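Just below is one structure, and these are the notes that go with it.
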Amino acid sequence: MPKIIFPDNTEAVVSEGTTFLDAIKGHNKELLKNAVAVNVNGEIKDLKGIITGASDSIRLLPVTLDSKEGAEVCRHGAAHVMAEAVKSLYPNVKIAIGPAIEDGFYYDFDTEKPFTPEDLEKIEAKMSEIIKGDFPFIRETISKKEALDLFGNMGEVYKTELISELADGEITVYRQSGFTDLCRGPHIPSTRFIKAFKLTTSAGAYWRGSEKNRMLQRIYGVAFASKDELKAYLFRVEEAKRRDHRKLGRELDLFSTNEDIGSGLVLWHPNGSAVRMIIEEFWKKEHAKNGYDIVFTPHVAQLNLWKTSGHWDFYRENLYSPMEVEGQEYIVKPMNCPFHIQIYKSRLRSYRELPIRYAELGTVYRYERSGVLHGLLRVRGFTQDDAHIFMRPDQLETEITGVLNFTLYILKSFGFNDFDIYLSTRPEKYVGSLDNWEKAEAALRGALTNLNLRFSVDPGEGVFYGPKIDIKIKDVIGRAWQCSTLQVDFNLPERFDVTYRDDQGAEARPIMLHRALMGSLERFFGCLVEHYAGAFPFWLAPKQAVILTVTDRNNEYAAKVLRQLKAAGIRAALDDRNEKLGYKIREAELKKIPYMLVIGDKEQAEEKIAPRSKDKGNMEPVTVDEFIKRVEKLTRPGGGEIL
RNA sequence: GCCGGCGUAGCUCAGUGGUAGAGCAGCUGAUUCGUAAUCAGCAGGUCGUGGGUUCAACUCCCUCCGCCGGCUCCA
């Protein structure tokens with residue numbers, strides 16, 4: 001007879017055929033509060049699942065709605081309920097797949113008429129009805145043939161396609177109310193366990209994610225264990241909107257795009273440019289310190305160069321079309337690497353010179369399909385903080401470690417401290433020798449391990465020319481953006497026949513490393529804006545301080561203070577308009593300027609200024625020199641905290 | 001590129017067949033004011049583009065462009 005071990009480590013023996021539910025009920029009813037499933041030796045199962053004798057010792061742990069697994073089970077249930085609602089409202093619709101996802105769920109439907117927002121409201125109302133009905137989810141096991149018949153008779157062609165690919169044997173289906181779906185489970189006991197949900201949006205989605213297949217209509221929803229959690233989710237959505245760099249970009253006059261110029265092409269306004277220049281200066285200084293040589297290369301080059309590099313063959317759909325000049329075809333550059341290679345090749349290289357590190361803030365243009373463009377985060381023209389390192393094979397791990405350290409230092413300087421790191425390994429189609437691949441992967445892995453960095457492996461997700469490490473930056477509300485990348489390349493050195501003379505005087509092939517720390521300045525800047533919600537730390541702020549006069553009696557003194565601040569290198573401005581102080585403060589707050597410096601008759605008489613920090617409010621009046629001294633340490637990169 | 005939504009003044013948004021409206025911003029004037037919006041006046045739009053239907057189109061239909069949310073893509 002199976003032995004049950006409960007969470008409190010007490011044990012009980014039950015007879016075969018007992019359900020998990022009854023077993024727990026017999027032990028401690030309290031455990032069933034909010035329970036939607038059960039963890040059986042680490043596997044999530046239905047509460048009403050049957051205990052078999054196969055395993056003689058069973059560790060049972062109720063899975064509650066407020067746990068991660070419980071929420072997932074609940075969200076999956078919501079997907080089924082949505083499918084039922086859709087089928088009952090629109091009987092001709094075919095159902096495809098409907099999994100749980102982060103915060104919610106979706107379901108794909110094949111329908112002649114896409115869903116309108118009004119349809120979503122109707123579906124939502126129907127779902128509420130079903131949930132109130134408290135219909136149990138009933139699991140059934142049938143044979144493959146029965147399943148094919150069952151869904152075949154319903155005309156559910158997507159389901160039969162899925163079933164026909166399953167191995168012969170038992171197939172599980174779940175029924176609730178009048179709805180039956182192919183499903184592995186587990187499921188919530190009944191529909192009322194869906195406590196709070198909301199349909200969010202509908203969108204097209206290809207069947208099985210392939211452009212070659214029919215486009216289905218996907219409805220997205222969110223579901224939570226309580227109304228409060230749903231409210232918290234909606235608040236997070238609002239918060240994300242508040243931080244949206246596209247909105248802040250306009251409000252803070254940082255950048256714009258323009259229909260007459262073209263999609264995905266960015267205009268950096270003076271405020272955005274000011275931040276960019278600070279980033280670039282910092283970048284240049286740090287690269288000089290870290291052994292890089294900075295180079296400049298053209299924006300266009302002959303088509304032949306890109307044939308040699310392979311871009312013309314492998315990357316053509318992302319290239320801007322060639323232009324003809326004096327019978328020669330040129331294209332605008334999608335990458336900087338061939339240029340750096342040509343600089344390397346401009347003379348013979350010795351093993352003694354390696355590694356050679358060429359860095360460039362190189363602006364590249366790539367044709368991205370219109371549907372993928374997104375603010376500054378996905379554009380068609382962008383500036384990479386690019387570098388290519390040419391090295392001997394024995395230098396691989398040292399160089400990778402160096403680049404990783406450098407990357408983390410740069411990212412941390414900008415206030416990013418949370419990363420997701422991915423190591424992508426050899427894909428099915430690859431160039432280069434297996435031996436080299438293994439060495440490179442080992443070097444990447446070794447560097448990550450030596451630096452004690454947590455990373456996940458994306459098997460087979462490497463680029464065809466070499467393995468890579470990607471670092472995604474997490475912003476303050478937990479969203480991840482890929483910026484940094486570090487890629488080993490066995491391909492280009494071959495294609496361009498890049499060589500050096502080794503210590504025996506023989507010709508040898510260097511290994512090349514592509515790397516970008518911030519990725520592109522556009523994307524990085526977009527992330528920065530969101531990260532700080534537009535309130536840049538002092539060292540990055542386009543305007544660091546604004547002087548506010550109380551009356552125009554103070555204007556002359558204020559102008560003198562402005563000169564002092566500017567002489568000290570502070571990016572200051574003067575607001576001496578004939579407006580009330582409250583009005584000026586409000587404007588400065590909205591512009592997110594770190595310091596407001598109030599000057600009224602009192603300050604003028606004492607030759608002082610009254611600082612007001614954007615974050616901390618009013619401060620005691622101080623002299624200009626005192627203020628300058630106080631903010632000095634904030635002007636250094638990474639010096640973010642306002643006094 | 002595909003699916004859906006949207007496009008009205010610099011910004012945020014009203015206006016559903018009878019030739020455009022508000023708030024904020026802007027400009028002018030008054031006000032000289034102490035920590036998140038002083039008052040008044042003025043000005044501002046060929047309603048994204050091109051075509052069609054109609055006596056009449058911001059409104060209905062089609063094309064294209066752009067934006068938004070997804071899908072796909074992102075060597």
Side-chain angles (χ1 to χ4, degrees), chain A residues 106 108-109 111 113-117 119-120 200-220 237 241 244 246-247 250-251 253 256-264 309-319 334-335 337 366-375 377-380 424 427 429-431 461-466 468 470 482 485 487 489 491-492 514 519 523 548-555 576-591 596-603 610-614 617-619 621:
Chain A
Y106 69 77
D108 287 347
F109 303 98
T111 168
K113 230 168 42 81
F115 300 106
T116 63
D119 289 333
L120 293 199
T200 50
T201 178
S202 67
Y206 299 106
W207 167 237
R208 308 195 124 184
S210 167
E211 273 183 294
K212 295 187 185 92
N213 291 338
R214 186 173 162 77
M215 180 162 272
L216 309 176
Q217 295 302 317
R218 175 173 299 176
I219 301 178
Y220 285 93
V237 171
K241 268 192 205 152
D244 193 317
R246 295 166 300 186
K247 178 173 137 80
R250 191 171 44 241
E251 288 173 0
D253 202 9
S256 65
T257 55
N258 180 303
E259 231 181 283
D260 294 329
I261 292 169
S263 328
S309 70
H311 290 98
W312 184 246
D313 287 331
F314 296 112
Y315 201 56
R316 194 179 317 182
E317 61 184 23
N318 284 297
L319 300 178
M335 292 191 181
C337 12
R366 301 179 184 174
Y367 165 69
E368 301 282 0
R369 301 210 276 179
S370 57
V372 307
L373 300 173
H374 181 91
L377 302 178
R378 190 80 183 268
V379 292
R380 287 182 176 157
S424 300
K429 277 174 67 179
Y430 65 94
V431 300
E461 286 302 306
V463 190
F464 75 89
Y465 55 67
K468 62 171 181 172
D470 290 325
Q482 191 195 315
T485 184
Q487 311 183 348
D489 189 341
N491 182 44
L492 286 181
H514 306 249
R523 176 175 287 182
L548 310 179
T549 51
V550 177
T551 86
D552 53 20
R553 286 191 300 279
N554 314 124
N555 287 359
D576 59 2
R577 292 173 303 172
N578 177 13
E579 295 289 352
K580 287 182 162 180
L581 183 59
Y583 181 88
K584 295 183 184 182
I585 287 175
R586 179 180 155 79
E587 276 202 358
E589 286 283 349
L590 293 175
K591 285 192 207 154
M596 285 152 263
L597 306 173
V598 176
I599 294 180
D601 292 339
K602 231 171 20 189
E603 287 75 19
R612 175 191 159 108
S613 143
K614 198 191 106 49
N618 300 345
M619 297 157 63

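So you know, we letter chains A, B, ... as the sequences are listed, proteins then strands, and number each from 1. All figures in this text were calculated on a predicted structure; none of them were measured in a lab.
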With a cut-off of less than 4.0 Å, is there a side-chain N or O of [X] near OP1 or OP2 of [N]?
X	N	result
His374(A)	G69(B)	yes
Arg577(A)	U32(B)	no
Tyr220(A)	C3(B)	no

Might you list the N or O atoms of the protein lying below 3.5 Å from N or O atoms in nucleotides 41-43 of chain B, with each pair's distance?
none

Just verifying a value: how many Å separate [X] [atom1] and [Y] [atom2], rounded to the nearest 0.5 Å?
X	Y	atom1	atom2	value
Ile599(A)	Thr549(A)	CD1	OG1	8.0 Å
Tyr106(A)	Ile219(A)	OH	CD1	13.0 Å
Asn618(A)	Met596(A)	CG	CE	9.0 Å

Roughly how many Å apart are [M] and [N], using the [atom1] atom of each and rounding to a whole number?
N	M	atom1	value
G41(B)	G51(B)	P	41 Å
U53(B)	A57(B)	C1'	10 Å
U63(B)	G4(B)	P	11 Å
A20(B)	U49(B)	P	16 Å
A36(B)	A43(B)	P	35 Å
G7(B)	C11(B)	C1'	15 Å
C73(B)	C61(B)	P	34 Å
G50(B)	U46(B)	C1'	13 Å

What contact category does [X] fall into here, base, sugar-phosphate, or nothing, at under 4.0 angstrom with non-hydrogen atoms?
X	value
Gly209(A)	sugar-phosphate
Glu579(A)	base
Tyr206(A)	base
Lys584(A)	nothing
Asp601(A)	base
Glu461(A)	nothing
Arg378(A)	base

For the backbone of [Y] and the side chain of [X], can you confirm whether one donor and one acceptor N or O come within less than 3.5 Å of each other?
X	Y	answer
Asn554(A)	Thr551(A)	yes
Thr116(A)	Asp119(A)	yes
Glu603(A)	Gly600(A)	yes

### Query
Which word best sums up how the rings of Phe109(A) and Phe115(A) line up, parallel for under 30°, tilted for 30 to 60°, or perpendicular for over 60°?
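Phe109(A) vs Phe115(A) ring planes: perpendicular.
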### Task
Using the closest heavy atom to pick a nucleotide of RNA chain B for each, name whichever of Ala203(A) or Arg586(A) lands nearer the 5' end.
Arg586(A)
### Message
Quick check on RNA chain B: between His311(A) and Gly582(A), whose nearest nucleotide comes earlier from the 5' end?
### Response
Gly582(A)
Rounded off to whole Å, could you give me the [atom1]-to-[atom2] distance for the [X] and [N] pair?
X	N	atom1	atom2	answer
Glu317(A)	C2(B)	CD	P	15 Å
Leu377(A)	C74(B)	CG	C1'	14 Å
Arg218(A)	G69(B)	CZ	P	16 Å
Asp108(A)	U72(B)	CG	C1'	13 Å
Arg208(A)	C71(B)	CZ	P	18 Å
Asn213(A)	C71(B)	CG	P	16 Å
Arg369(A)	C74(B)	CZ	C1'	10 Å
Arg214(A)	U72(B)	CZ	P	17 Å

### Message
Could you spell out the base pairing of RNA chain B as a dot-bracket line? Use Watson-Crick and G-U wobble contacts where both distances are under 3.5 Å, [ ] for crossing pairs, | for partners on a different strand.
### Response
(((((((..((((....[..)))).(((((.......))))).....(.(((..]....))).))))))))....
### Task
Apply the test side chain to side chain contact (heavy atoms under 4.5 Å, CB included) to residues Asp552(A) and Asp576(A): give CA-CA distance (whole Å), side-chain angles for both, the deciding distance (0.1 Å), then the verdict.
CA-CA 7 Å; Asp552(A) 53 20; Asp576(A) 59 2; over 6 Å; no
### Task
Look at the side chain of Glu603(A) against the base of G34(B) and say whether a donor-acceptor pair falls under 3.5 Å; ignore hydrogens and angles.
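Check passes, donor-acceptor contact within cut-off.
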### Message
Measuring only between side-chain heavy atoms, which start at C-beta, is Arg316(A) closer than 4.5 Å to Pro334(A)?
### Response
no
#### Entry: Student check: side-chain heavy atoms of Gln217(A) and Lys113(A) closer than 4.5 Å
no
### Query
Is it true that Arg612(A) and Glu589(A) make a salt bridge, defined as a side-chain N closer than 4.0 Å to a carboxylate O?
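Counted as a salt bridge, because a side-chain N and a carboxylate O are separated by less than 4.0 Å.
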Would you name the heavy atoms of [X] and [Y] that are closest together and state the gap between them?
X	Y	value
His514(A)	Asp489(A)	NE2-OD2, 2.7 Å
Gly462(A)	Pro427(A)	O-CG, 3.4 Å
Gln482(A)	Asp470(A)	NE2-OD1, 3.3 Å

Heteroatom pairs (N/O) under 3.5 angstrom, protein to nucleotides 61-67 of chain B:
| from | atom 1 | to | atom 2 | distance (Å) |
| --- | --- | --- | --- | --- |
| G66(B) | OP1 | Ser263(A) | OG | 3.0 |

### Task
Look at the side chain of Met215(A) and decide which nucleotide, out of C3(B), G34(B), U38(B), has an atom nearest to it.
C3(B)
### Message
By nearest atom, which of the nucleotides A36(B), U32(B), A25(B) is closest to the Arg612(A) side chain?
### Response
A36(B)
